[in-house]
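In what follows, a single structure is set out as C-alpha cells and then discussed.
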Amino acid sequence: MTVRRRSQLNHLKYLTSTAQSCFDASFKNTRLTEASQFYSSLVQQCLHTRSLLDVGIVQTHMIKFGYIHLHIGNKLIDASLKCGSISYARKLFDELPNRHIVMWNSMISSYISHKKSKEGIGLYERMVLDGVYPDEYTFSCVFKAFSNLGLINEGRRAHGLSVVLGLEVSNVFVGSALVDMYAKFGRMKDARLVSNRVVDKDVVLFTALIVGYSQQGDNGEALEVFGSMINQGIKANAYTFASILITCGNLEDLTNGKLVHGLVIKSGYEPAVASQTSLLTMYARCGLIDDSLRIFKRFPNPNHVTWTSLIVGLVRNGREELALKKFRKMICKSIVPNSFTLSSALQACSNLAMIDEGRQIHAMVTKFGLDRDVYAGAALVNLYGKCGSTEMARSVFDALIDIDVVSMNSMIYSYAQNGFGHEALELFNSMKELGLEPNEVTILSVLLACNNSGLVHEGCQIFATITNNQTIELTRDHYACMVDLLGRSGRLEEAEALVKQVRNPDVVLWRTLLSACKLHGEVEMAERAVNKVLELAPGDEGSHILLTNVYASTGFG
DNA sequence: ATAGGGTTAG
C-alpha cells in the first residue's frame, strides 16, 4: 500500500466533508478534465490494492457528486472485476444509464471465464435485445460459453449473427473461438469450414483444429493439420506441441512422436510443463514407459496432472506395482489426487486383485468426496467385482449420482464374474428405462453373465436380437462366449455353425468348441476342431491332451 | 479501455 494512495483517499475524504461545493454541477461542467483525471487516478489506485472497499468509496463519491462519465464507469467496473467481485461490477453495470460496448464485453467475458457461462449468455442475449451490436471482443468469448453449456443451436445462431456483422472470419480471435466451439461439439466439418474462410490463420486457430480432430479420434487429420501449419510457416508453441504429442500417442506413432520431441527441443519449449506432461504420455502410449519415467524425473515440481499421467502410463504398461508405489509417493508429498488419479490407482489394484490396498484407496475416494463420481465409482465397482465382493460393488454403484454406460457395464460385469446371472439381466433390462444405450462391452458382459449362470435361453435371445439389429458390432469375444454357452449346454451343432460364421476364427474359438466336445464326448467334431487349432497354432499341446481325453471318455483311440 | 488454444480416465 503506497503512501501516495493513502493520501489520495484521505484527500477524497477531506473533499467529501469540506469541499462539496467544488463538485457541484458547475464544477463538473467547467473542470471536467480535472475531475476525470482525479477519479481516474483513484481507480488506478484501487487496481493496485485490489480492494473492493476502495472501489466502493470512489463510486459512492462519484454518484454523490453527480459525476457520471462513461470512461470512468468502465474503469470502475474493470476495477471491481479485477478485485474479484463480479456481482459488484454487475451492480455498477445495472445502475449506470448508458453502457458502452466495452462494459458489456468486460461483464460477459468475466462471467464466462469464471465458469458462469449461463450469466454470460444471459447478458449477451440482453445486449442483442437492447440493440447493442456485439463486436469481435464479444464473439471471441461467447462461443466458449455455448460449448460449455452444450447449446449447439444457440451457438449456431450467434455464429449467424457474427456472419451478418462481418466478424466471423475477419478477426482471427472470432474465427478460432468458432473453430473451438464446433470442435467441442464434435462437428469438425463445421470447424473446418470456418477455419478455411479465416484469412489470417494463426497458431491458436490451428491448435484448436488439431485438438478438435484429435479428441474426435481423427488423429491422422490432426497430424495433417499440424504439417500444413508448419508448411505455412506458422511456428508451433507449447500448446501446439502438447496437443500434437498427444495425437502421436493416440496413434502410437513413435516415429512422429520422436520427430516432434526433436522439434520441441529445437524450439526451446522443452522446459514448458505442458509439453513435458504430453511427452511423458506420448512415450507411455508408445510403450516406452522407461522414457516416461526418465522424463518424469526431470520435473522439479510435478503437479497432480503430471503424477496422474505417470500412474496412468504405468498401469497401461502393466507396471501396476510401480504405479501404486508412485501413487503412495504422490500422497506422501501432499498432492491431492482427483478422480483421474484415484481411478487409475484403483485399476492397478483391480489388475493385481489387491483388495486391501483397494479398500484404502476407497477410503481416500470418500475422503476427497468422490463417492458419487462416475470414474472413481466404476473403478471401485471393477475392483470389488474382481475380488468377489458383489455386494460392495453394488453399494458403490447405487451411490453414484449419474449412471453412465461404463459404470453400468462394470456392474453387470461384476455380476457376471461372480455368477449372478439374474441380477445382471435385471440391470441390463433396466438400461432402456434409464435411457442408456448398451454398447459392445455391455453385450459381452451380459452374455458372460448368462454363460456363467447357465442362462442359455436368455443369452441366445440377446445374441439373436443384437445380430438382427446390427447396431452393435460383435467381436470374436462375443462369439467365443456364445460358442461356450451353446457348447456347454450340449448344442454343439449350433456352436460349430457359429464358429464358422466368424470371418477369421481364431484359436480361442476352436479351443472353446473343443472343450465343449470333450464335455459331451463328441468325437468327430473334436477331431475337426483339433485340426483347426493345429492349423492356427502348430504344436498346441493342450488340444492334443483334450482330444485324447475325448477318445478316452468315449472308448475310442 | 476488453479477447483465444493444451496436458491425466473407465
Side-chain angles (χ1 to χ4, degrees), chain A residues 40 43 47 70-79 81-82 100-110 112-113 134-144 167 171-181 183-184 202-212 214-215 236-247 249 269 272-282 284-285 302-313 315-316 337-347 350 373-383 404-410 413 439 441:
Chain A
S40 193
V43 172
L47 280 178
L70 272 177
H71 181 66
I72 297 291
N74 275 331
K75 284 216 173 267
L76 270 178
I77 288 178
D78 189 46
L81 291 174
K82 287 192 174 133
H100 191 267
I101 177 86
V102 173
M103 281 199 220
W104 287 98
N105 290 344
S106 301
M107 285 304 307
I108 292 171
S109 85
S110 277
I112 296 168
S113 57
D135 65 3
E136 57 268 44
Y137 288 87
T138 327
F139 285 122
S140 69
C141 65
V142 283
F143 295 128
K144 194 189 200 67
L167 297 166
N171 179 294
V172 73
F173 285 79
V174 180
S176 4
L178 273 167
V179 167
D180 182 55
M181 178 182 78
K184 296 267 152 64
D202 69 356
V203 62
V204 177
L205 187 139
F206 276 110
T207 308
L209 205 55
I210 289 169
V211 172
S214 193
Q215 290 185 344
N237 61 21
Y239 286 95
T240 328
F241 283 130
S243 318
I244 205 67
L245 282 167
I246 294 306
T247 303
Y269 279 115
V273 179
S275 307
Q276 289 195 9
T277 298
S278 339
L279 256 184
L280 190 157
T281 304
M282 188 273 288
R285 294 217 174 165
N303 62 18
H304 69 285
V305 176
T306 324
W307 279 101
T308 306
S309 308
L310 181 71
I311 293 166
V312 168
V315 176
R316 270 183 87 98
N338 60 15
S339 82
F340 282 66
T341 328
L342 292 166
S343 63
S344 311
L346 285 166
Q347 202 195 320
S350 290
D373 179 90
V374 271
Y375 289 101
L380 282 169
V381 169
N382 282 335
L383 171 80
D404 64 356
V405 185
V406 181
S407 43
M408 184 56 98
N409 291 350
S410 303
Y413 187 66
N439 62 18
V441 181

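The figures that follow rest on heavy atoms only: side chains count, while hydrogens, waters and symmetry mates do not. Sequence lines set the chain letters: A, B, ... in the order given, protein chains first and strands last, and positions in each chain run from 1.
- The A:K82 side chain lies nearest to B:dT2 when the options are B:dT8, B:dT2, B:dG10.
- For the OP1/OP2 pair of B:dT7 and a distance below 4.0 Å, the side-chain nitrogens and oxygens of A:R285 include no atom meeting the criterion.
- Scanning atom types as modelled, no donor and acceptor separated by under 3.5 angstrom connect the side chain of A:N409 and the base of B:dG10.
- The side-chain hydrogen bond (donor to acceptor under 3.5 Å, both in side chains) check on A:N171 picks up nothing, with sequence neighbours excluded.
- For the pair A:Y137 OH and B:dG4 P, the interatomic distance rounds to 11 Å; values are reported in whole Å.
- For B:dA1, its base never sits under 3.5 Å from the side chain of A:N105 at any donor and acceptor pair.
- In this entry the distance linking CE of A:M282 with P of B:dT7 reads 16 Å, nearest Å.
- Within 4.0 Å of A:S309, counting heavy atoms only, lie sugar-phosphate atoms of the nucleic acid but no base atom.
- Residue contacts for A:S243: at a heavy-atom cut-off of 4.0 Å it reaches the sugar-phosphate backbone alone, with no base atom in range.
- Counting heavy atoms from C-beta outward, A:D135 and A:N105 have side chains that approach closer than 4.5 Å.
- A donor and an acceptor atom never sit less than 3.5 Å apart when one is taken from the side chain of A:S344 and the other from the base of B:dA9.
- Look at OH on A:Y413: it is 14 Å from C1' on B:dG10, rounded to the nearest Å.
- At a threshold of 4.0 angstrom between heavy atoms, the contacts of A:T341 with the nucleic acid are absent.
- Residue A:Q347 is in sugar-phosphate contact alone, with no base atom involved, counting any heavy-atom pair closer than 4.0 Å across all strands shown.
- Not counting sequence neighbours, the partners of A:D180 by the side-chain hydrogen bond (donor to acceptor under 3.5 Å, both in side chains) test are A:K184.
- Using modelled atom types and a 3.5 Å distance limit, the side chains of A:N382 and A:S350 yield no donor-acceptor pair.
- Residue contacts for A:A378: at a heavy-atom cut-off of 4.0 Å it reaches a base atom on one of the strands shown.
- Judged by distance alone with a 3.5 Å cut-off, no donor-acceptor contact links the side chain of A:N382 to the base of B:dG10.
- Per the geometry, CG belonging to A:D135 stands 10 Å off C1' belonging to B:dA3, to the nearest Å.
- Checking the phosphate oxygens (OP1, OP2) of B:dT7, a side-chain nitrogen or oxygen of A:Q215 falls inside 4.0 Å.
- When only modelled atom types and interatomic distance are considered, A:S309 and A:T277 share no side-chain donor-acceptor pair under 3.5 Å.
- Among the heavy atoms of the strands, none lies under 4.0 Å from A:T138.
- Using a 4.0 Å heavy-atom cutoff across all strands shown, A:V374 reaches at least one base atom of the nucleic acid.
- Between the NE2 atom of A:H100 and the C1' atom of B:dA1 there is a distance of 8 Å, rounded to whole Å.
- The environment of A:Y413 atom OH is sparse: at most 12 non-hydrogen atoms of other residues, nucleotides or ligands sit within 6.0 angstrom.
- A:V406 comes within 4.0 angstrom of a base, heavy atoms only.
- If you check every strand for non-hydrogen atoms under 4.0 Å, A:V203 touches a base.
- Considering only side-chain atoms of A:V102, the nucleotide from B:dA1, B:dG4, B:dT8 that sits closest is B:dA1.
- Taking atom CH2 on A:W307 and atom P on B:dT8, their separation rounds to 18 Å, with Å as the unit.
- Residue A:D202 contributes atom CG, which lies 16 Å from atom P of B:dA3 at whole-angstrom precision.
- We find that CG of A:L167 is positioned 16 Å from P of B:dG4, with the value rounded to whole Å.
- Considering only side-chain atoms of A:N338, the nucleotide from B:dA9, B:dT8, B:dT2 that sits closest is B:dT8.
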